[in-house]
Amino acid sequence: AQSVTQPDIHITVSEGASLELRCNYSYGATPYLFWYVQSPGQGLQLLLKYFSGDTLVQGIKGFEAEFKRSQSSFNLRKPSVHWSDAAEYFCAVTSGTYKYIFGTGTRLKVLA
Amino acid sequence: NAGVTQTPKFQVLKTGQSMTLQCAQDMNHEYMSWYRQDPGMGLRLIHYSVGAGITDQGEVPNGYNVSRSTTEDFPLRLLSAAPSQTSVYFCASSYRPTSGSTDTQYFGPGTRLTVL
């Protein structure tokens, strides 16, 4: 069955520290992968996406993600976290259609 | 462009009542979807549409109806509200670029529904 796993429900980091959020997927076809961010009370905003080519993808707000086919992973990274990055982050996968499968999300807390 | 808009932002219903959540997009997107978001469960697809007059069921369709009479609008109807439908509802729309890239879903701000 197709699925997306975000193993960390909560992550706490200090401001200025580096960040890595994990995402693993199980998908039979070639996946298209996304990371979205959701601030409290807001909708989802696209951070970045991968569909082919360079496996290291750059996104908005200084985020990047690396697609590793051998590990079925698409982890999100940021070298230096800002307090405004506190939010919930969702990984999603699709085969190129309109039907997305979302992970359960990782809530990021940033300590001053 | 306003993007994807949803109304209302908040709604409280009593068990058994019916209501319609409104969703509109002004990006001329073919595809529109409804999701519900529950704590610890991420987003789950309720219904989707690939164009005016065409709809289909997603992962959790029971208790919901949709229709797509225009490209812009995709309302979600709760026929007889139940406490299990207490959730945050998101509408999304997407395009399919001619360049061969994947589609990207754009989300509305959500409707927070409480059923008592």
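Convention: sequence-line order gives letters A, B, ...; per-chain numbering from 1. Not measured: the values here are computed from a predicted model.
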### Query
Looking at A:Phe63, is A:Lys78 sitting on its ring face, NZ or CZ under 6.0 Å from the six-membered ring centre and within 45 degrees of the normal?
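Flagged: A:Lys78 positioned over aromatic ring of A:Phe63.
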### Task
Verify the ring-centre separation between A:Phe34 and A:Phe74: is it less than 6.0 angstrom?
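When the ring centroids of A:Phe74 and A:Phe34 are compared, they turn out to be at least 6.0 Å apart.
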#### Entry: Side chain / backbone / both / neither for A:Gln38 at chain B, heavy atoms under 4.5 Å
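Contact with chain B: side chain only.
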### Query
Which bit of A:Leu44 comes within less than 4.5 Å of chain B, counting heavy atoms only: side chain, backbone, both or neither?
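Both parts, heavy atoms under 4.5 Å.
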### Query
Tell me, side chain or backbone of B:Glu59 under 4.5 Å from chain A's heavy atoms, or both, or neither?
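When you check distances to chain A, no heavy atom of B:Glu59 falls under 4.5 Å.
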### Task
Report yes if the side chains of A:Tyr100 and A:Val93 come closer than 4.5 Å at any heavy-atom pair, otherwise no.
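Answer no - side chains too far apart.
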### Message
Return the CG to NZ distance between A:Leu56 and A:Lys68, rounded to the nearest 0.5 Å.
### Response
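Rounded to the nearest 0.5 Å, the CG-NZ separation comes out at 10.0 Å.
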